[in-house]
Colleague: 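Input: one structure, supplied below.
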Amino acid sequence: MSTADQSATDRTQSDQTDDARRLASVRPQQARIRGQGASGRGWGILLPTASGLGGLLLWELAVRWLDLPSYLLPAPSEVAMVMVEKWRLLLDQLVYTAFAATVGFVIAVVIALSLGAMIAASPFVERVLYVWLVVFHAIPKVVVAPLLLVWIGFGLKSSIIFVVVFTFFPMLVNTVAGLRSADPDLLLLARSMGGGSWQLLRKIRIPSALPSIIAGVKISITLAPLGAVIGEFVASNKGLGHMLIQSVGSLEVPVAFAAVTVVSLLGIFTWYLAEFFERATIPWHASQRGRSGSEP
């Protein structure tokens, strides 16, 4: 072996040794980061749980110490007993409310995405429709509820329409903003290479708009149960909203608190469902960095 070959071999072995040393020094850091991530997730579960239990305990002690009647403020233990006793009724009302919220939300998403694409693609459509959409959004939703009872009637359809009214506008605004956020230089490049409007929408505009659209989904999906419940206040004889109004009218306040608790649990479930959808859809986005605890 020549001197040059021997020198090259020595340099290669030295480089490999340096790489091995760097890798050995990085591995403890990676293990420490993973340990910090696991610890952070543990505290992320423990602290909210402890805070919630502490709040419930203070509520229970305050009701018992002040000797408040149940029609004024029931204790958490009494609300829990009502939920256990009336679980079948609560479940039936929950299914009705959840169905109205789901159908209304899906309709709102389809309409908002379609109109958002039209508005983002055509300045003429924007000038014609956008002002009417803003006026429609400015009308208080609670004022519309009695009118829906007159126009549509009593029952599930009114609740669904009210969910659409409640959830439509945030989706539309985020869709338009997202579709307009595409890189103009990239759009010009694609047009210069013969890309059509549909290709630009599918390959460039929609991928760049996904974070904004999903942010609109997260806002709207948590408003859907609220819209269903408010619609049931005035235009339904079933659902958690109707149960809440009936129980308050008859001074069955523990039952009302039970209905409110179930509505809150439904809202929490929809929020985490939207979080899961976001992580599954745009794992590459900057907002998802470190969400799994594996990154610093």
Side-chain angles (χ1 to χ4, degrees), residues 98 100-144 159-187 190 195 197-231 263-264 266-291:
T102 302
V103 174
F105 173 72
V106 171
I107 294 173
V109 168
V110 172
I111 296 175
L113 291 178
S114 303
L115 278 181
M118 293 169 60
I119 290 172
S122 172
F124 174 77
V125 175
E126 178 184 6
R127 295 190 189 99
V128 172
L129 292 182
Y130 209 66
V131 62
W132 290 105
L133 294 171
V134 172
V135 170
F136 177 74
H137 179 64
I139 299 174
K141 305 300 182 293
V142 179
V143 176
V144 178
S159 298
I160 292 174
I161 296 299
F162 205 81
V163 173
V164 174
V165 170
F166 240 78
T167 59
F168 164 74
F169 200 76
M171 273 295 308
L172 176 67
V173 171
N174 280 272
T175 299
V176 173
L179 291 174
R180 286 177 174 170
S181 66
D183 187 353
D185 294 334
L186 188 59
L187 292 173
S197 299
W198 169 246
Q199 289 177 317
L200 294 179
L201 180 66
R202 185 167 58 91
K203 297 289 188 179
I204 299 176
R205 290 189 183 275
I206 290 179
S208 65
L210 273 179
S212 182
I213 291 174
I214 292 175
V217 168
K218 292 175 68 175
I219 296 171
S220 296
I221 199 171
T222 54
L223 292 175
L226 177 62
V229 168
I230 294 178
V263 173
S264 301
L266 177 60
I268 293 171
F269 171 76
T270 56
W271 172 261
Y272 281 107
L273 184 65
E275 288 269 294
F276 173 78
F277 178 73
E278 181 182 30
R279 288 195 296 270
T281 306
I282 53 171
W284 45 265
H285 193 253
S287 63
Q288 304 304 306
R289 291 174 185 166
R291 294 291 292 273

Colleague: Quick check: Y272 with F276 (ring centres under 6.0 Å apart)?
Modeller: no

Colleague: T270 side chain to G267 main-chain N or O, any donor-acceptor pair under 3.5 Å?
Modeller: yes

Colleague: L172 and side-chain contact (heavy atoms from CB on, under 4.5 Å): which single residue from V109, L133, T167 fits?
Modeller: L133

Colleague: Roughly how far, to the nearest 0.5 Å, is OG1 of T281 from CG of L210?
Modeller: 7.0 Å

Colleague: Could you go through the side chain to side chain contact (heavy atoms under 4.5 Å, CB included) check for I119 and R180 one step at a time?
Modeller: CA-CA 10 Å; I119 290 172; R180 286 177 174 170; 4.1 Å; yes

Colleague: What is the minimum heavy-atom distance between P170 and L223, and which atoms define it?
Modeller: CG-CD1, 4.2 Å

Colleague: If you take all heavy atoms of S208 and S181, which pair is closest and at what distance?
Modeller: O-OG, 3.7 Å

Colleague: With sequence neighbours left out, what residues match F168 under ring pair (Phe, Tyr, Trp, His ring centres under 6.0 Å)?
Modeller: none

Colleague: Search all heavy atoms of A228 against all heavy atoms of S159 and return the closest pair with its distance.
Modeller: O-OG, 4.3 Å

Colleague: Checking T222 side chain against I219 main chain: does a donor-acceptor pair fall under 3.5 Å?
Modeller: yes

Colleague: Could you check I213 against M171 for side chain to side chain contact (heavy atoms under 4.5 Å, CB included), going step by step and ending with a plain yes or no?
Modeller: CA-CA 7 Å; I213 291 174; M171 273 295 308; 4.2 Å; yes

Colleague: Considering all heavy atoms of both residues, which atom of N174 and which atom of A215 are nearest to each other, and what is their separation?
Modeller: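 Nearest pair, atom of N174 first, then A215: OD1-CB, 4.1 Å.
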
Colleague: What heavy-atom pair brings V163 and A101 nearest, and what distance separates the two atoms?
Modeller: CG1-O, 3.7 Å

Colleague: Under a 4.5 Å cut-off applied to non-hydrogen side-chain atoms, are V164 and F105 in contact?
Modeller: no

Colleague: Answer yes or no: is there a donor N or O on one side and an acceptor on the other, between the side chain of T175 and the main chain of L113, under 3.5 Å?
Modeller: no

Colleague: Check whether any side-chain heavy atom of W271 sits under 4.5 Å from a side-chain heavy atom of I221, and report yes or no.
Modeller: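 Answer no - side chains too far apart.
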
Colleague: Which heavy atom of P207 sits nearest to which heavy atom of P211, and what is that distance?
Modeller: O-CD, 3.9 Å

